[in-house]
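Remarks on the structure that follows.
Since the structure is predicted, the reported quantities are computational estimates derived from the model, not experimental observations.
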Amino acid sequence: MKKFSTLALFSALIAFTSYSCSSDDKSGNDTGGGSDTGKTKYIITATTGATGVADYLLTADDVSTGSITTIGNGVEQDGTYRYYITAQNNFFSLLYGQGNPGAVTTYNLNTEGKLVKKSDFQAETVHVFAAVNTDILTIKVPRSGASIASMYKIDAVNSLITGEAQQDTKVLAGNGERAFFTWATQVGDKVYMPYMSIKGDGVDNFGTVNPDSTWVAVYNYPELKLEKVIKDNRTSYLGAYFTNGLFQDENGDAYGFSGAIATSNAVLTSTKPSAIVKIKKGTTEFDQSYFFNVEEKSGGYKISSTSYISKGKFLLLMYGNAGKNNGAVKLAVADVYNQTFTWVINAPATLTSATSRYNITTEDGNAAIIGINTPEGNWIYTINGTTGVATRGMKVEGGQITAIAKLKY
């Protein structure tokens, strides 16, 4: 599996399609999620980097100390390029199908806290996957050729497709280009889907002549009918390819994160700053009184990816070169309520890579848990959302960390 460097987001697609559970499944967990007695088990995925070898799934009761290894340990995933999502106390491991349908393996925990396989099924190639209600919503978005995006609703408890909808991305963009969804986020009882405007011309597919605008398509759920497009022009598109850029907080407000990294023919063309915008609860407009200029407060750096901690605190992975969309990753914490920006301290000076979309929070909600890979070794760190202080925890040996998740049992 490729490393999840937040500075080189690769063209990876995911798969989901109809469910088929083998008749000889003896896991004892044919339906529903795993048991929940209030205990937490952490799932750490690590890749050995060997050709043709995918991640190992490692489990631990505590990631704040000790060490763990892939050598003679863990559950080896079959096939390369695996991606993950947790929903309804199930852990989904998705195989990139190289344009073809790919295997999806579902795991949960038994009463002893052991990771057990629940099912295997095959799926259509998609690049967006997000938990919505008790479903996983996946979206297959074309970057060239045909302009129809397909959306699939999958019952996360039973691994069954329960509905499908389509969207003409050229019609959605309405500007001569096409819309390319960066991610999907449940906001209240609706699904908000930020998108990029891209050429999709087969030559400069992800380039655009519209670098300084922001769009969020609002769909009802479960019908997935388009209700509105929320627009702004104070920054660029939210998120990035395969990167979530919209999060709902505990108050029901939504915050959007833009790296302002739009390009044309591989040249950075965004003229607006990397920034955070807000959509107030119960509205479908950007709050014009709110604008958090992250690029200014960081000294000229741009957002690469974002993870929510809690109570308005976000972990930001920043591009390492000021004003650019490249450079070794730098870590920061942003408080969107007070519009403060703090560089993380006590983190390793040089990061080979860090987990981006696959981060979680501590049980008290005060810190982010992130995997950091360095030339000296790979560790799980907690980063305090208030102070920005990083604390080194478990060492992961025998592979680079690619994801961190947790389940209850």
Side-chain angles (χ1 to χ4, degrees), residues 130 172-175 179 181-197 208 210-220 226-240 243-262 269-319 322-323 332-343 365 368 385-386 388:
L172 179 60
N175 58 6
F181 298 114
T182 56
W183 211 249
T185 301
Q186 181 173 359
V187 179
D189 60 355
K190 302 183 187 301
V191 177
Y192 285 27
M193 301 184 193
Y195 64 83
M196 311 159 61
S197 178
T208 181
N210 299 281
D212 293 328
S213 295
T214 308
W215 307 270
V216 178
V218 178
Y219 291 85
N220 67 5
L226 179 66
E227 293 187 347
K228 182 180 182 180
V229 176
I230 306 172
K231 303 177 182 180
D232 205 338
N233 60 5
R234 294 172 294 170
T235 185
S236 189
Y237 58 82
L238 304 182
T243 301
N244 189 9
L246 187 69
F247 302 83
Q248 182 180 234
D249 72 354
E250 297 88 338
N251 300 321
D253 299 325
Y255 291 87
F257 295 74
S258 175
I261 54 170
T269 55
S270 293
T271 64
K272 302 296 177 68
S274 177
I276 302 171
V277 292
K278 177 181 179 181
I279 303 171
K280 288 183 178 180
K281 179 181 179 180
T283 71
T284 51
E285 299 286 350
F286 285 108
D287 180 355
Q288 295 301 308
S289 69
Y290 184 94
F291 189 74
F292 185 170
N293 189 330
V294 172
E295 193 160 350
E296 178 181 57
K297 292 195 176 183
S298 66
Y301 293 87
K302 294 178 176 291
I303 300 168
S304 171
S305 66
T306 309
S307 297
Y308 189 41
I309 302 174
S310 72
K311 301 175 183 177
K313 310 294 197 310
F314 288 84
L315 175 65
L316 304 181
L317 278 67
M318 308 289 290
Y319 288 104
V333 171
D335 182 333
V336 298
Y337 297 163
N338 299 311
Q339 295 198 31
T340 57
F341 179 94
T342 304
W343 289 110
T386 300

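A search for salt bridge (Lys or Arg N to Asp or Glu O under 4.0 Å) contacts involving K311 returns nothing, not counting sequence neighbours. For T182, the side-chain hydrogen bond (donor to acceptor under 3.5 Å, both in side chains) test picks out no residue, with sequence neighbours left out. Annotation: salt bridge (Lys or Arg N to Asp or Glu O under 4.0 Å) contacts of E227 (sequence neighbours excluded): K190. Take D335 and apply the salt bridge (Lys or Arg N to Asp or Glu O under 4.0 Å) test, not counting sequence neighbours, and it matches K313. Residues passing the salt bridge (Lys or Arg N to Asp or Glu O under 4.0 Å) test with D249: none are found, sequence neighbours excluded. Residues satisfying the side chain to side chain contact (heavy atoms under 4.5 Å, CB included) criterion with E295, sequence neighbours excluded, are P273, S274, N293, K302. For K231, the side chain to side chain contact (heavy atoms under 4.5 Å, CB included) partners two or more places apart in sequence, or in a different chain, are W215, V229. Listed by chain and number, the residues in a side-chain hydrogen bond (donor to acceptor under 3.5 Å, both in side chains) with Y192 amount to none (sequence neighbours excluded). Partners of Q339 by side-chain hydrogen bond (donor to acceptor under 3.5 Å, both in side chains), not counting sequence neighbours: none found. Judged as a side-chain hydrogen bond (donor to acceptor under 3.5 Å, both in side chains), and not counting sequence neighbours, N220 has no contacts. The side chain to side chain contact (heavy atoms under 4.5 Å, CB included) search around S307 returns L315, N359, not counting sequence neighbours.
The ring pair (Phe, Tyr, Trp, His ring centres under 6.0 Å) analysis of residues 270-298, with sequence neighbours excluded, yields the pairs Y255-Y290.
By the 4.5 Å heavy-atom criterion applied to side chains, I230 and I279 are counted as neighbours. Residues D253 and K278 have side chains in contact (heavy-atom distance under 4.5 Å, counting atoms from C-beta outward). No side-chain heavy atom of Y301 sits less than 4.5 Å from a side-chain heavy atom of V294. Between Y308 and E250, some side-chain heavy-atom pair lies under the 4.5 Å cut-off.
Side-chain atoms of T243 never come within 3.5 Å of backbone atoms of S305 as a donor-acceptor pair (strictly under, hydrogens ignored). Under a 3.5 Å cut-off, the side chain of T185 and the backbone N or O of F247 do not form any donor-acceptor pair. Of the possible donor and acceptor atoms, one in the side chain of S236 sits under 3.5 Å from a partner among the backbone N and O of P211.
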